[in-house]
Amino acid sequence: MINLIQDVLESDERSDLRQFASQLRASDKRYLLRNDILAAFSEYCASHKKPEHFFQHSQLGQLVYYTQEIILDSESLYLLIRPKIASQEVYRVLEDLTVESVTVQELLDLRDRFVNHYHPTEGDVLELDFQPFYDYSPTIRDPKNIGKGVRFLNRYLSSKLFQDPRQWLESLYTFLRVHQFQGTQLLINGRIQNQQQLSDQVKRALQFVSDRPDDESFAEFRFKLQEMGFEAGWGNTASRVRDTLEILDELLDSPNDEGLEKFISRIPMIFRIVLVSIHGWFGQEGVLGRPDTGGQVVYVLDQARSLEKQLQEDIKLAGLEGLGVQPKVIILSRLIQNSDGTRCNERLEKVHGTDNAWILRVPFREFNPNVTQNWISRFEIWPYLETYAIDAEKELLAEFQGRPDLIVGNYTDGNLVAFLLARKLQVTQCIVAHALEKSKYLFSNLYWQELEDKYHFSLQFTADLIAMNATNFVISSTYQEIVGTPDSVGQYESYKCFTMPDLYHVVNGIELFSPKFNVVPPGVNENVYFPYTRTEDRVPSAIERLEEMLFTQEDPAHIFGKLDDPTKRPLFSMARLDRIKNMTGLAEIFGKSKELQERCNLILVAGKLRVEESDDNEEKDEIVKLYRIIDEYNLHGKIRWLGVRLPKGDSGEIYRVIADHRGIFVQPALFEAFGLTILESMITGLPTLATQFGGPLEIIQNKVNGFLINPTDHEGTAEKILDFVSKCDQNPNYWEEISNKGMERVYTTYTWKIHTTRLLSLARIYGFWNYTSKENREDMLRYIETLFYLIYKPRAKQILEEHMHR
Ligand code: UDP
Ligand code: LCN
């Protein structure tokens, strides 16, 4: 990249760089992020009457394109350049245009200086560096393979293992010996005492099963196999047992990574799973749309159902059904005594539509019952997690009558508890971020001290670092969640290098090229969210009721606004009322466009209608703002705002009713980590326009099966909506075309079946490698524990003290 700067300096554009720099110096902004940089450069091009191509195609334009941040101090200009995904270089450009490279340490000091928190005379600030722990583990080379970790890991480790055939056979043999289910030995028994016997007996068993009818049940020949040293777990029929043994035989003779992956994916080693999801109101009814309670709850419940189903299928195929083996999935959440009409005060609740999936709620210890018996915001939850993990461990051991086989954490708090549990129980850990707050709130790390009262980011980011480094594997919903796009930084990437002034400097917070990262997107509940065209599955009375609720019903307690003309095309949106969801932004977009108001009504399902009913600061602010916008743009008669909590069935039907009216779904978030509502609207056949910031960029293929919008550009977004509406008015088939393509996109790419098959396969393979390669992570885990005890805990204690005085 230095070449690119050098090229600018050595070309005619040298004076442009000088003038652009002095334009930047003349303005009062001292810290520019990418949008500011592009805006400033566009202004420069306009004021200097540059030809059109200069903005993008000049050498300076290229340099600007790759620049993520510019920081100015009295003498120089610092450019933070991201030449490609997951890499960063920093340069200092002096007034005379000499260029120097800047180290990470200098950059972090500079940022501290910028916020007046640089105190070199008081000594250095703590530096956190995880890189040494990754130095001896494999890393992916090509950024396009980031997120395909397991394939890489399997190839890498198997090639190492296969180099030493003796060790390979020994590892495989010992691995096969350890499998049990509640005391019953699986796969091989004591009759096979070493690897040589394993190899011989596999050939004998193969011959034996090959002579039997394909569909003969395992129970029929179970005892014969047992005599040869084989227990249950190889298959439910003669042909399935033969297939599995053949894969093993091949692996023993000529090992290869694909065969190994196939074999491990068949091993019955996962029966009991914990999904940790702590904050919010974790329930099955009447909770969605409350602050902190959204997609994560939907995701975890659907995942639990789907995991149980997949495990049941796997157990059946492995021939374990007859042995009474039953999988169990526990969602571990918190018990909230003052449960506000929800079931969150119940210790155990069965997950609807399952045989053995449960929500297990464990209360926080009663440090101050006035706090701990109530809902606690996700930003305040930190002091309760360690003791919670201790209590939860006991309850889990009792519920499972043993240890779980896999622990999956969700969001920072759940991931921290998953870490504590996995460490204690020595179980494979997986984490799911859902949303990393660091990239959601601009400058959240730089100004953490000012924000600490409200957000406690010092705990959140420390907990994030702990969980993402400690975990065996990560599943992310999109690629860009890990490393962003060519022009935007990924959510995990934002933890690579940052400063928490006066607390610590992170010089290397996470190895983005580690094979622990795997992209496994969620699906959508197909029983609830299905195409509007499936009329046979729709309930006419529900349609009628929701029609009324959406368009005409008068119910001031829950619905605001009366439509002048309910027949106009509905623009629909549904989200929690927090700032980032930007429902107020959508109202403003609508308010600013007279034409949109003439052609459409705006219908929002969001939060509550009254400030007094909310106990969340952001929700309160958004309620006030929404009323202000409605008045300011006089949207009365054109908007309906429903402050309702929909039962599950209704939340599917509501999209379909909007689709019946040839409506549109708009998701205007300022940033959306993934965006389940987008899958929901697309699968029901509702054409969808969604934010280009975050996950929707990967879900929607722009103009093919939906549209991407920049919600900060109000006029541009209104134009895109109007453009779609006009095309549909001219040609009604256009609405249907986008509707059909949206449905197709979800059915082919975002199903829970795809998700869980993949997740279970990952869990088995990481479990296998953990066991066989005895990957030595103890040093990193000790470092992580030190962070937990020396940084996290004392800070958490401070919050606890504040809470004790409430
Ligand atoms: N939801 C709902 N009622 C509301 C708001 C949201 O049922 O008033 C549901 C919505 O259908 C979706 C989930 O909550 O299933 C929101 O998930 P998403 O991933 O879109 O956003 P999150 O709230 O997790 O940030
Ligand atoms: C949290 C979010 O903010 C959403 O973007 C996701 O869709 C949801 O969690 C489920 O992962």
Side-chain angles (χ1 to χ4, degrees), residues 275 277 279-303 378 408-415 431-437 439-441 474-478 480-481 491 519-525 528-529 549 558-559 572-583 603-609 616 618-619 622 641-656 658 665-684 686 688 690-691 693-699 750 752 755:
L275 310 174
S277 178
H279 72 250
W281 301 89
F282 200 106
Q284 302 188 72
E285 287 301 342
V287 299
L288 292 179
R290 290 172 185 251
D292 294 2
T293 309
Q296 182 178 322
V297 172
V298 177
Y299 179 117
V300 175
L301 278 170
D302 287 350
Q303 189 189 47
R378 70 190 194 280
V408 185
N410 292 275
Y411 191 74
T412 317
D413 53 348
N415 290 335
I431 63 164
V432 189
H434 293 288
L436 287 165
E437 302 292 348
S439 37
K440 259 169 77 177
Y441 291 82
V474 176
I475 58 174
S476 74
S477 297
T478 59
Q480 58 121 24
E481 181 178 330
Q491 293 174 64
V519 178
V520 185
V524 55
N525 186 334
V528 176
Y529 305 99
M549 187 168 106
H558 302 107
I559 301 174
F572 174 60
S573 197
M574 171 160 74
R576 293 178 290 118
L577 252 188
D578 76 17
R579 192 177 66 76
I580 309 273
K581 290 288 177 197
N582 196 29
M583 295 304 259
I603 301 181
L604 305 176
V605 172
K608 295 203 163 159
L609 297 186
D616 181 78
E618 282 196 13
E619 190 177 61
E622 289 296 290
W641 169 13
L642 285 63
V644 291
R645 301 215 192 300
L646 298 170
K648 198 73 201 164
D650 284 359
S651 79
E653 194 53 42
I654 205 158
Y655 292 99
R656 288 187 287 269
I658 299 284
F665 185 75
V666 186
Q667 210 284 15
L670 299 173
F671 180 81
E672 187 60 64
F674 183 73
L676 288 175
T677 53
I678 292 155
L679 296 189
E680 293 165 0
S681 70
M682 284 170 82
I683 200 173
T684 47
L686 191 54
T688 303
T691 180
F693 302 121
L697 189 67
E698 262 166 71
I699 305 174
Y750 299 101
W752 281 112
H755 175 100

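Small disclaimer: the values here were computed from a predicted structure and weren't measured. All ligand and atom numbering here is 1-based and tracks the order in the structure.
A 4.5 Å side-chain heavy-atom check between Glu481 and Glu698 finds every atom pair outside the cut-off.
Under 3.5 Å, the side chains of His279 and Asp413 contain a donor-acceptor pair of N or O atoms. Using modelled atom types, one finds no donor on one side chain facing an acceptor on the other under 3.5 Å when comparing Glu437 with Thr412.
Considering backbone and side-chain N/O of Phe674, one or more are found under 3.5 Å from N/O of ligand 2.
Using modelled atom types, no side-chain atom of Thr684 and backbone atom of Met682 make a donor-acceptor pair closer than 3.5 Å.
Residues passing the side chain to side chain donor-acceptor pair (under 3.5 Å) test with Glu653, sequence neighbours excluded: Arg538, Arg656. Residues passing the side chain to side chain donor-acceptor pair (under 3.5 Å) test with Glu618, sequence neighbours excluded: Tyr441, Tyr455. For Pro522, the side-chain contact (heavy atoms from CB on, under 4.5 Å) partners at least two apart in sequence or on another chain are Tyr299, Ser477, Phe674, Leu676, Trp752.
The side-chain contact (heavy atoms from CB on, under 4.5 Å) test with Ser573 singles out one residue from Leu604, Val605, Ile658, Asn582, and that residue is Leu604.
Closest to atom 7 (O) of ligand 2, if we only count protein heavy atoms, is Gly675 N, 2.8 Å. Looking only at protein heavy atoms, the nearest one to atom 11 (O) of ligand 2 is His434 ND1, 2.6 Å.
Listed by atom number, the atoms of ligand 2 under 4.0 Å from Ala673 heavy atoms are 5 (O). Atoms of ligand 2 lying under 4.0 Å from at least one heavy atom of Glu672, given by number and element, are 2 (C), 3 (O), 4 (C), 5 (O).
Near ligand 1, residues Leu288, Gly289, Gly294, Gly295, Gln296, Val298, Tyr529, Met574, Ala575, Arg576, Lys581, Val605, Tyr655, Glu672, Gly675, Leu676, Thr677, Glu680 come within 4.0 angstrom through at least one heavy atom.
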